[in-house]
Protein chains: 2
Amino acid sequence: MTGPRGGVLELAVLGSLHETPLHGYELRKRLNTLLGMFRAFSYGSLYPCLRGLLNDGFIVEEEPPEETVIGRRSKIVYKLTAEGKERLHELLTQAGPSAWEDESFGIHFAFFRHTEAEVRLRILEGRRSRLEERLEGVRTALARTRERLDSYTLELQRHGLESVEREVRWLNELIDSERRSTTAPPATDEGSIPAGPDQPQAAQETPQRAEKPQTDK
Amino acid sequence: MTGPRGGVLELAVLGSLHETPLHGYELRKRLNTLLGMFRAFSYGSLYPCLRGLLNDGFIVEEEPPEETVIGRRSKIVYKLTAEGKERLHELLTQAGPSAWEDESFGIHFAFFRHTEAEVRLRILEGRRSRLEERLEGVRTALARTRERLDSYTLELQRHGLESVEREVRWLNELIDSERRSTTAPPATDEGSIPAGPDQPQAAQETPQRAEKPQTDK
DNA sequence: CGGCCGATGTATCGCTCCGATACATCTGCA
DNA sequence: TGCAGATGTATCGGAGCGATACATCGGCCG
């Protein structure tokens, strides 16, 4: 691994470039729209990451389609290579803590379209148990606390617990949905993993929101 | 500023030690219970921070009460100094981006008990507009997006938007509550800032959850 | 009585990523 | 014409996480 890129960025970049070639600025905007509610990537990590991916041969700078010239080009358009696609598939196949921690779960989820059903399920379940052990930890620690807490601290706790509980419920719906759509089709050969590194379709099987809108307050 | 501590940790440590002296291990547990749903502090940042605070004179190692000995002590109990209290008050007085960004808002809120009412209000409002501009940004970016998104990306967006909208509603309730409890009391002299660095009581004025318990499922 | 395991406790190192910043070019508009 | 704001590439310093090392203590089981 040449460049010092690691963790989250690599998947984010490779995944985005898999859809279409992009240049840095565009890439960042794309990513921050995709994950804007959860995190915001910065150039300070994006460009080093691109450099690393470049000299590992996972991406290349693309020629502009000739003739576009007015002055000289200043854009640098990056494009996924075959090795890059392979690397992307490798990253999408791993279901481990690195897929369901706070910082990374969003990215993995955003590219679920390209992820095998079995891996999707394991990531969702991993995320759920991560959150549940966090709930458990805080709840028991709270129960053991002798001294009474002030109302602000209490309110913060309450809000935090509620948020995490909501996310667990959300995950439950998603997991149900995944189970329903993977066990429903006629059980073809169970053992083999179906997808190659570059299946271009496979964008079906919607998560289908399950509950009614709940009238929300 | 001697030690390389900055940002969030400093407030977290000083605020915790303001309640009662603690040693590192205990301090970390305390903090991770307090903010367990939002973040988890690590020794890798805690100990350097303590060292920095030590040689800036904001905290000192406390003598064990003599005679406790069996072998030699291994605990190092830290205690806030007068300068430390002053520093804490200084940190609690600043209402700026450093108070309402994602990483820091939780800590500031957790110590609202020691924060002046006016500052509390400005922090809550700052946080709210931060979230609202995030909503705005993502919404318009979404609206401008030509290509249709796959169902997973869509679901992620929906979940993210909903979560942030919920937090905004939560902040609205808190802000209302703050307004009600600060304008209700007879308007004593408005200009002067009442609290010194070391008021030990001042734990009143509850945020009073506004809504009925909502039967929470 | 002895040994071991898990909780308590202090400490460091490498690494990822953010925030601020600098600087250049392109575009619309007054 | 000129300038303000969007587009675009790039770097630097620093915060804080995760893993890890290592030492001590208390309790439990054989």
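Within every chain, numbering begins at 1; the chains are lettered A, B, ... in the order of the sequence lines, protein sequences first and strands thereafter. Scope of the values below: all heavy atoms of this structure, side chains included, with no hydrogens, waters or symmetry mates. This is a predicted model, so every value here is computed, not measured.
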Q: Give a yes or no on whether a salt bridge exists between B:R87 and B:E90, defined as a side-chain N under 4.0 angstrom from a carboxylate O.
A: yes
Q: Between atom OH in B:Y43 and atom C1' in C:dG9, what is the gap in whole Å?
A: 7 Å
Q: Using whole Å, report how far NZ of B:K75 lies from P of C:dT8.
A: 10 Å
Q: Does any pair with a residue in residues 22-37 of chain B pass side chain to side chain donor-acceptor pair (under 3.5 Å), and if so which ones, sequence neighbours excluded?
A: B:H23-B:E26
Q: Atom CG of A:D102 and atom C1' of C:dT16: how far apart are they, to the nearest Å?
A: 16 Å
Q: Taking only the side-chain heavy atoms of B:F41 (C-beta and beyond), determine which of D:dC17, C:dT8, C:dA11 contains the nearest atom.
A: D:dC17
Q: With a cut-off of less than 4.0 Å, is there a side-chain N or O of B:R39 near OP1 or OP2 of D:dC17?
A: yes
Q: With sequence neighbours left out, which residue pairs that include part of residues 34-49 of chain B fulfil the side chain to side chain donor-acceptor pair (under 3.5 Å) condition?
A: none
Q: Using a 4.0 Å heavy-atom cut-off, does A:G44 contact any base of the nucleic acid, only the sugar-phosphate backbone, or nothing at all?
A: base
Q: Below 4.0 angstrom, N of the basic side chain to O of the carboxylate: do B:R139 and B:E165 qualify?
A: yes
Q: In whole Å, I'd like the distance from the CG atom of B:L27 to the P atom of C:dT10.
A: 10 Å
Q: When the distance from OH of B:Y25 to P of D:dC25 is rounded to whole Å, what number comes out?
A: 15 Å
Q: Quick one: the side chain of B:S42 and the base of D:dG16, do they pair up donor-acceptor inside 3.5 Å?
A: no
Q: Under 3.5 Å, is there a donor-acceptor pair linking the side chains of B:H108 and B:E101?
A: no
Q: Nearest-Å distance, CG (A:L9) to C1' (C:dC17)?
A: 7 Å
Q: Which residue lies toward the 5' end of DNA chain C, B:K29 or B:E101, if each is placed at its nearest nucleotide?
A: B:K29
Q: In terms of the nearest nucleotide of DNA chain C, which residue is placed more toward the 5' end: A:L46 or B:G24?
A: B:G24
Q: D:dG8, D:dT11, D:dG16: which one has an atom nearest the side-chain heavy atoms of A:H23?
A: D:dG8
Q: Can you check the A:R28 CZ to D:dA6 C1' distance for me, whole Å?
A: 13 Å
Q: Looking at the side chain of A:S45, which of C:dA11, C:dC17, D:dT9 is the nearest nucleotide?
A: C:dC17
Q: Consider the side chain of B:P48, meaning its heavy atoms from C-beta on, and name the nucleotide among D:dT11, C:dT8, C:dT12 that approaches it most closely.
A: C:dT12
Q: Whether A:R51 contacts D:dA10 is assessed here as follows: a side-chain N or O lying under 4.0 Å from the phosphate OP1 or OP2. Is that the case?
A: no
Q: So, does B:Y47 get its side chain near the phosphate of C:dT10, meaning an N or O under 4.0 Å from OP1 or OP2?
A: yes
Q: Write down the distance between CD (B:E26) and P (C:dT10), rounded to a whole number of angstrom.
A: 9 Å
